[in-house]
Amino acid sequence: MHKKFEHKEIEKKWQKIWKESGIYNVGTRDLSREKEYVLVEWPYPSGNLHIGHWFAFAVVDIYVRAHRMQGKQVLFPMGFDAFGLPAENAAIKRNLDPRAWTESNIVHMREQLEQMGNAFSWDKTTSSTDEEYFEWTQWIFTRFFEKDIAFRGEATVNWCPGCNTVIANEQVLSDGTCERSGDVVDKRSMMQWMLKITDYADRLINDLEPLDWPDHIKESQKQWIGRSSGAEIPFTLSTGDVLSVFTTRPDTLYGATYLVLAPEHDFIIRSKNKIQNWESVIRYSQEASQKDDIARLKSEKEKTGIKLEGITATNPANGEEIPVFIADYVLKGYGTGIIMAVPAHDERDYAFATKFNLPIKQVVVPCANDSHNPPKNDYGEVKRDTIIVHLRNKSTGKFALLNWHESLEGITTAIMGGIEQGQTAEEAVINEINEEAGLKNIKIIHRLPWVTAARYCASHKNENRCAHSFAFIAEVENLNNQEITSQHEQNLHSLMWVEESEVLDLLTPDHQKQVWKMLHSNEVATAPGYLMNSEEFDGMNSEEAKVAITEKVGGKMKNTYRLRDWSIGRQRYWGVPIPIVYDPEGKPHVIPKEYLPWKLPTDVDFKPTGEAPLAKSSELKERVESIFGKGWTPEVETMDTFVDSSWYFFRYLDAHNTDLFSSKEKQNEWMPIDIYFGGSEHNTMHLLYSRFFTKVLYDLGLSAVDEPYKKRINRGLVLGPDGNKMSKSKGNVIDPDEQVSRLGADTVKMYLAFMGPYGEMADYPWDMGGIVGLRRFLERAYGLSEHITESNSLETARLLHKTIDKITRDIEQYKFNTAISALMIFINAVEKIGISNNDYTIFLKLLAPFAPHLSEELWSAIGNKGSIHQSQWPVAEEKFLLEETATIGVQINGKMRGSITVAYDADEASVVTALTSSDEYSAKIHSEIARVIYIKNKLINIILSKT
RNA sequence: GCUGGAGUGGCGGAAUUGGUAUACGCGCGCGACUCAAAAUCGCGUUCCGCAAGGAUUGAGGGUUCAAGUCCCUCCUCCAGCACCA
């Protein structure tokens with residue numbers, strides 16, 4: 001029966017008791033219990049809790065409560081990330097002090113968080129704007145400065161005209177606008193405070209591997225860091241300068257037919273006298289550097305550039321004189337800012353070369369890439385009789401490579417027995433291509449040097465297996481005139497890769513596409529393969545050639561990264577002041593620890609003008625002079641708020657430590673964070689920055705771990721009822737306070753947990769009707785005591801223990817939705833069959849993590865003194881999990897025909913007998929049973945003989 | 001274009017990881033209670049069909065006694081990156 005309950009009264013009552021008794025405080029580490037550090041991203045105190053906060057915190061609370069009941073000591077802290085622009089903007093708008101605004105918001109939001117009824121460890125809270133917090137943000141900065149991790153350097157920065165400050169790359173959206181204000185971001189070159197995150201690029205990639213994180217987050221971090229391995233190759237110019245280019249394809253050096261410099265490259269200014277067309281060159285360079293990202297994107301395909309007249313370079317591989325260009329498709333900030341252009345094997349170079357009529361020289365025959373595995377025989381040896389056929393399209397002059405080996409049927413016939421009298425093996429292969437693929441007029445025009453075939457085999461470390469290998473170039477005479485149909489393509493494919501299982505081993509799908517493209521389209525062959533037109537390297541594969549050619553020309557193998565150093569200076573007021581002062585010579589010095597926290601001055605008009613507000617403070621100026629002496633000046637920038645959140649999880653552990661940001665002892669007790677729940681918007685920013693901080697602190701001997709987060713779970717978004725992202729302008733915002741007051745905190749929490757699986761990054765629309773279902777469920781739970789019976793029903797006990805088992809397992813996998821479903825199934829059944837006192841108590845415990853207020857109320861109503869949240873989680877008893885009977889599926893000839901109930905663990909013979917003697921199935925088993933597949937307690941499949 | 005992920009009723013979603021597809025909830029339909037409505041309770045609800053029965057997990061193919069789950073081809077959607085050499 002439904003029974004209405006007064007959620008407001010119940011919630012108020014228990015929240016007060018919980019707060020007073022402090023039952024959710026963790027206190028000191030209790031070594032008798034297993035620890036678990038559960039972290040959620042600390043919120044920005046914008047003033048009001050929104051539904052996203054509920055989704056982020058209330059659902060995770062289920063996990064925390066269940067684990068506490070299971071005996072773990074769970075740290076579940078909450079705090080506030082309270083510096084940042086919204087406070088400053090609100091303060092400007094309302095003419096308030098940002099600190100006062102922030103602090104009153106924190107008070108209000110903490111109240112709202114308490115109304116959520118979460119089991120937060122409030123004894124461990126902190127806030128980034130507390131003096132005792134930012135003192136340590138500053139102290140960490142000074143340590144970073146001493147280790148040259150923090151430095152001042154010239155950098156191209158993103159300037160947001162709306163926010164009047166520099167913002168990080170990560171805060172610029174893909175359309176070139178600011179993620180906060182939406183204004184188009186300018187590029188400016190400025191002296192900036194930066195953190196040397198690039199020094200950690202390799203570790204940030206490599207250390208991802210062992211982490212228990214979803215692959216997509218690891219992938220986006222890898223992409224963000226963007227490591228590419230290649231080589232730096234020195235080119236000597238006619239001016240005598242030696243310039244290095246960065247390339248990922250040193251194997252294509254013989255095909256490099258010109259050089260391209262970034263328009264901003266300093267060689268250009270340096271060589272003013274030697275550039276004959278200086279006027280036009282400098283004009284182009286200036287135009288290019290003024291183009292912002294959007295303009296560059298718009299002209300994506302259309303290549304522009306200008307030749308440096310009077311300057312040439314020498315290709316170090318073959319000594320050829322090649323021209324030098326500048327073009328805006330080469331970026332100053334990546335690699336060395338210079339490329340060697342290989343139009344035959346790079347699409348951008350190809351586009352440029354076509355436009356400027358530059359020579360295009362193919363040096364690689366595309367083939368399988370480096371994941372390519374040669375076919376093996378049954379003994380794991382590389383198979384013999386490899387045949388390599390290079391096909392050349394006569395009209396385009398392009399090459400493609402096919403290769404076969406003995407086990408492929410079409411060729412096997414030709415080689416092993418199908419070679420007709422007087423026919424060579426090559427001719428047999430050509431016949432096959434002609435006949436099977438329908439590509440006419442193919443003829444051998446050139447036998448490749450034997451070395452090509454030999455190298456091919458040698459590269460697979462099987463030299464003595466090459467006895468029968470051969471290679472040649474066959475020409476497809478009129479391929480372009482032939483109508484190439486998909487039938488041709490199919491035929492060629494089937495010729496090449498007869499056995500499907502071989503396809504994987506022999507050639508990658510990429511290669512298949514590549515070969516075909518080479519033959520009949522104008523696409524550029526970018527895949528690695530085997531070299532040609534490369535003197536002594538002919539026939540070598542790309543991977544080996546990369547090293548060999550780099551070595552020959554005196555280059556060196558090198559990695560390059562997309563990641564840039566993190567610029568952290570902000571020309572705004574409401575942030576942590578960078579703890580630096582300048583001596584009269586302008587040299588920066590850290591502010592000694594005794595003067596930390598280095599506070600924000602209060603005499604500042606912080607309206608954004610583009611100039612840092614702190615520069616206008618006489619209070620700050622005087623403070624510096626009185627401490628450091630005349631002529632000393634303060635740093636006037638504040639830090640990006642991502643700095644604050646890069647180490648907050650350390651501070652929770654030891655929030656009131658006045659000697660250290662976080663003691664090693666406390667860290668050893670709690671780190672690493674066992675699980676970090678958060679949103680995907682932090683995948684490449686906060687998550688990367690805080691990993692970087694942890695590594696630097698580790699290297700400084702200040703952190704116990706070098707990776708902070710063992711496991712990460714990303715949740716999705718709660719969308720508006722219309723399926724769109726909630727926004728004021730769309731009028732589809734759900735206010736959690738309103739929902740809580742209407743239906744109760746437990747209902748809202750359970751609804752959010754029930755919408756779908758947590759941590760799959762899926763977005764769920766808020767369903768006004770859906771939430772009512774959860775309220776109904778809780779009302780039925782409230783009325784469940786009316787179904788208490790004297791006797792203990794075995795049926796209920798069985799179901800209960802199955803439910804315990806299911807819920808316990810589901811919570812471990814963050815499948816709160818199916819756990820709730822199990823609770824519903826239980827209630828549905830018990831309302832019909834009744835429940836004993838003891839089982840009722842157990843049910844309440846199962847309900848406790850999901851509905852903390854209501855379960856506490858019901859728990860006390862049956863006379864319990866302590867809190868249900870400090871009781872022990874029930875354990876499913878094996879004996880109740882065993883069934884007496886099993887209803888198993890019945891298949892006849894693999895088709896589902898129904899089900900039959902038999903004894904639990906019944907053997908095959910008895911089930912077959914039961915079937916053949918049943919009215920329902922005997923008729924269907926109309927002939928001899930040929931075979932029986934029996935899966936105990938699941939299914940039986942009767943295969944009848946054909947007659 | 002590259003990388004990663006996902007496609008199951010009217011909707012949110014379930015399926016012990018190869019073994020009875022559509023649990024649970026919403027919605028909807030019918031009935032009960034009511035002067036009536038709401039709330040509540042009962043029954044039904046993947047689709048076609050009166051039924052027997054048949055079809056069905058984005059499309060097509062394959063492996064298997066058995067496929068939502070594994071393999072191949074294709075389509076669609078979401079997320080990240082994108083003139084990165």
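These figures come from a predicted structure and were not determined experimentally. Every chain is numbered from 1 and lettered A, B, ... according to where its sequence line falls, protein lines coming before strand lines. Side-chain atoms are counted along with the backbone in the values below, which use heavy atoms only and exclude waters and symmetry mates.
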Between G58(B) and U64(B) - C1' atom distance, rounded Å: 23 Å
Side-chain donor-acceptor contact under 3.5 Å, T901(A) with T887(A): yes
side-chain N/O N828(A) vs G25(B) OP1/OP2, d < 4.0 Å: yes
U17(B) glycosidic torsion: syn (within 90° of 0) vs anti: syn
Distance in angstrom units between Y764(A) OH and C78(B) P, rounded: 17 Å
Rounded P spacing from G1(B) to C65(B) in Å: 40 Å
Any K815(A) side-chain N or O less than 4.0 Å from OP1/OP2 of A15(B): yes
Pairwise P distance, U56(B) and G5(B) [rounded to whole Å]: 29 Å
Distance, P atom - from C47(B) to C11(B), rounded to whole angstrom: 11 Å
Presence of K895(A) side-chain N/O under 4.0 Å of A55(B) phosphate oxygens OP1/OP2: yes
Residue whose closest nucleotide on RNA chain B lies nearer the 5' end, I339(A) versus R897(A): R897(A)
Below 4.0 Å: OP1/OP2 of A85(B) and any side-chain N or O of T336(A): no
Phosphate OP1/OP2 of A82(B): any R562(A) side-chain N/O under 4.0 Å: yes
Anti versus syn assignment for G9(B), with syn defined as within 90° of 0: syn
Atom C1', compared across U45(B) and C26(B): separation rounded to whole Å: 13 Å
Under-4.0 Å side-chain N/O to phosphate OP1/OP2 contact, N893(A) with C65(B): no
A55(B) and A21(B), which share atom name C1', separated by this distance in whole Å: 13 Å
Spacing of the P atoms in U20(B) and U57(B) (rounded, Å): 16 Å
Pairwise P distance for A32(B) and U17(B), with rounding to whole Å: 46 Å
Under-4.0 Å side-chain N/O to phosphate OP1/OP2 contact, R776(A) with U40(B): yes
Crowding at NZ, K936(A) (>12 non-hydrogen neighbours, <6.0 Å): no
Euclidean distance, atom CD of residue Q223(A) to atom P of A79(B) [Å, nearest integer]: 15 Å
Rounded distance in Å - CZ (R931(A)) to P (U64(B)): 11 Å
